[in-house]
Protein chains: 2
Amino acid sequence: MSDGPTITTIAQRAGVSIASVSRVLNGLPTKAETERRVMSAARELGYVPNSVARSLKSRRSNQLGFAMADIGNPVYLAMIREIQPVLRAAGYRLVLHSTNADTDDEIDVLRGLGERYIDGLIMIPLRVTGEHLKMFAAARAPVVVIGSVPEGTPVDNVRTDSREGVRLAVEHLHGLGRRRIGFVNGPLDTVPGAARAAAYAEAVRALGLPHDPALAEVGDFYRADGARATARLLERAPDVDALLCANDLIALGALDVLRREGRRVPQDVAVAGMDDTDLATLAWPPLTSVSLGSPERGRAAAELLLDRLASRDREPRVVTVEPRLVVRASTAGDDAPGEPPAVDASTVDTPARDVSARDGSAVGETVGDSGREAP
Amino acid sequence: MSDGPTITTIAQRAGVSIASVSRVLNGLPTKAETERRVMSAARELGYVPNSVARSLKSRRSNQLGFAMADIGNPVYLAMIREIQPVLRAAGYRLVLHSTNADTDDEIDVLRGLGERYIDGLIMIPLRVTGEHLKMFAAARAPVVVIGSVPEGTPVDNVRTDSREGVRLAVEHLHGLGRRRIGFVNGPLDTVPGAARAAAYAEAVRALGLPHDPALAEVGDFYRADGARATARLLERAPDVDALLCANDLIALGALDVLRREGRRVPQDVAVAGMDDTDLATLAWPPLTSVSLGSPERGRAAAELLLDRLASRDREPRVVTVEPRLVVRASTAGDDAPGEPPAVDASTVDTPARDVSARDGSAVGETVGDSGREAP
DNA sequence: TTGTATGCGTTATCAC
DNA sequence: GTGATAACGCATACAA
């Protein structure tokens, strides 16, 4: 319960100076006898170096931050799963920031870089404002942004081509003979929302389908919002035969509504999501989804950040992850283990894929034999 | 790009001493003129206080840790979603530790408390060894354990009664007329694995069902392992008419296998999981699951930790969260929105529940503070 | 090889 | 009120 031992404590106990203690602890050349005495004193005292003091001296916190809108979103989770081990292997701890997609919160996190409690940051802003750009430029530590930023922004950047992703999905649905392809989007003032809206319009036009505003609906990137938006869309355009959803959560909401209304998926309405999260394989029917390479983006971001920390003064880099279409039963239409239709530039996922390979559950709980609580 | 301004920089610029700067910055009484000059200098320089130096002085890092086996597990995710906002509201940052259920890693994290980079820790050990107990006793910062620990362990503790949870599920299945109730468990050398195995045996015995070892199978707490274990069980006991799975991931694996083998759920085999994660509402059919109150446990742990930080020298507390049975179609058998069978001490979940609402779930509050342990 | 002394950026305790 | 100055715990340049 005492106030943890310091190198001073050790020095006294070993009868040497604190400098010697520090040297031994850092593996610098020392006389064997000194080393022995220091080490045994340290062991006896249960010495653990104070990382705060060390950080103050070294100007490195050995911590890196990850800031996203909401930990609950499986997309971010997929990224964290990749990011964490990479950073950890490099000796960094991970500090989590949930910003609620709030711009002020994000700016605060960026300003927080000045506090020096993290050596760098991976951030996923849903909206990129002028203030963001100002903070990126003034950032006091390396920042890697996942998502698109304007050319010339002085940050490393990992992006995906969601326009191409939308095109893959729309063409897939079109290739299945669908002609009334609806789009359920998230907020248009977000980067992905705006990009996907534009991409949808473009893809539809490229296929020569008539432009019908009734086919596009906006909600938010959550399941319940997706359900509501889908309901509105169905009311306005009852003849839709396909739905592209701007992410998997929205698609789940769409499935909820379609089931409730008795429309068969995919026979009556084919449904596709985006992000290809674990949810896609869990949904029923399994959800066709555009993979935007979330794990890859997470890993790439982590590696960019580590590279940047190793050499500060190189040009900002941009890594682009190609989208892939992963076809499942929600559009393929065939439950039998036969071959789903071949799709250009796409990948076909096996239903047996273990989406939760790394998930170990079994959270602690009351021990069996002593399950009784003390009264 | 320069090396961030410090109070010294400000002092020079404002023509005052660093002490005055510190006072102004901390809102201590100062002459208006001094305050004005300091503030404007600080603003012009874009000063941000160095949290490391501040921590060294104050001996507080304003960071708290959360250590679990794997961030990818939806159970832990549910907890983090509750923990993060609570800690944040109290001014703490969250440092994440993924231990891979490795005892050595867990011990390392506990030892890390000596490094003072976190002021406290919430930990979920899958196995509790003697070394754990030793480290709990020697911990240099408050620790809250989610999961059971032996009586008298000097940590605050949040637990759930999974014995009762297993009983609820088994009785529910029995109440549906099932008499060949199988159990697919995780490793028996884990705390939850051991507890649930014992609870299953006891529940079956209490119902007067014959003890049949063929009905219990052990795998691991993952979907793929659950599938394999279920396959083995089905081969050994083809006549099972119900399956209780030790967590939701295992249950998903069981559903995979049952579907593959053409057994209808729940008509041929009723399936229930445990943990009531988001996965349960996504599965098809929606999965009956024993809620062990993960969000509540997370929140309770966070609050216990904050309380402890506020007053170090009170008795360790134990919070127990009561399990609830959440009945869905995988056992209720009826897809129509009719009334599922009434179950004692249970809750019926609506299919429309939004699993991604940030404020987690419509789960009712069942935190039962069992009060202090008898010392 | 070892010890002394200094600084990392703050806060806090003194005198003035 | 304000300004030197001493910690906080560690690493290191320099002297011995």
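From a predicted model like this one, the values you see are computed outputs, not experimental measurements. To find a chain, count down the sequence lines: A is the first, B the second, and so on, and within it residues start at 1.
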**Prompt:** Regarding B:Ser51 and B:Arg54, is there a side-chain donor-to-acceptor distance under 3.5 Å anywhere?
**Reply:**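 Looking only at side-chain atoms, B:Arg54 and B:Ser51 do not form any donor-acceptor pair under 3.5 Å.
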
**Residue whose nearest DNA chain D nucleotide is more 5′ - A:Leu25 or B:Thr30** =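 Upstream on the strand: B:Thr30.
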
**Message:** If you define the side chain from C-beta out and look only at heavy atoms, does anything of B:Arg116 sit under 4.5 Å from B:Arg140?
**Reply:**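 Touching, per the 4.5 Å side-chain cut-off.
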
**Request:** With a 4.0 angstrom cut-off to heavy atoms of chain B, pull out the first and last contacting nucleotide of DNA chain C, in 5'-to-3' order.
**Result:**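 Endpoints of the contacted stretch of DNA chain C: C:dG9 to C:dA12.
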
Atom pairs and distances, side-chain donor-acceptor, residues 87-94 of chain B, under 3.5 Å, sequence neighbours left out:
residue	atom	partner	partner atom	Å
B:Arg88	NH1	A:Ser98	O	3.0
B:Arg88	NH2	A:Asp105	OD1	3.3
B:Arg88	NH2	A:Asp105	OD2	3.2
B:Tyr92	OH	B:Arg60	NH2	2.8
B:Arg93	NE	B:Gln63	OE1	3.1
B:Arg93	NH2	B:Gln63	OE1	3.4

**Item:** From A:Ile122, A:Leu77, A:Thr99, A:Leu96, residue fulfilling side chain to side chain contact (heavy atoms under 4.5 Å, CB included) relative to A:Met68
**Value:**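 One option only clears the test, and that one is A:Leu96.
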
**Asked** How large an angle, rounded to 10°, do the end axes of the helix from C:dT1-D:dA16 to C:dC16-D:dG1 enclose when each is built from five base pairs?
**Response** 50°

**Complete:** What residues 11-20 of chain B contributes to the DNA chain D interface at heavy-atom separation below 4.0 Å is B:Val16, B:Ser17, B:Ile18, B:Ala19, B:Ser20

**Item:** For DNA chain D, the residues among residues 35-60 of chain B that have a non-hydrogen atom under 4.0 Å from it
**Value:**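 Contacting residues: B:Leu56, B:Lys57, B:Arg59.
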
**Prompt:** What nucleic acid atoms does A:Thr6 come within less than 4.0 Å of, heavy atoms only: base, sugar-phosphate, or nothing?
**Reply:**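 Sugar-phosphate, backbone atoms only, no base.
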
**NZ/NE/NH1/NH2 to OD/OE distance under 4.0 Å, A:Glu33 and A:Arg36** =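 Counted as a salt bridge, because a side-chain N and a carboxylate O are separated by less than 4.0 Å.
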
**Request:** With rounding to the nearest 0.5 Å, note down the distance linking CZ in B:Arg37 to CD in B:Glu35.
**Result:** 13.0 Å

**Request:** For DNA chain D, note the earliest and the latest nucleotide, 5' to 3', having some atom under 4.0 Å of a heavy atom belonging to chain B.
**Result:**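 Footprint of chain B along DNA chain D, 5' to 3': D:dG1 to D:dG9.
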
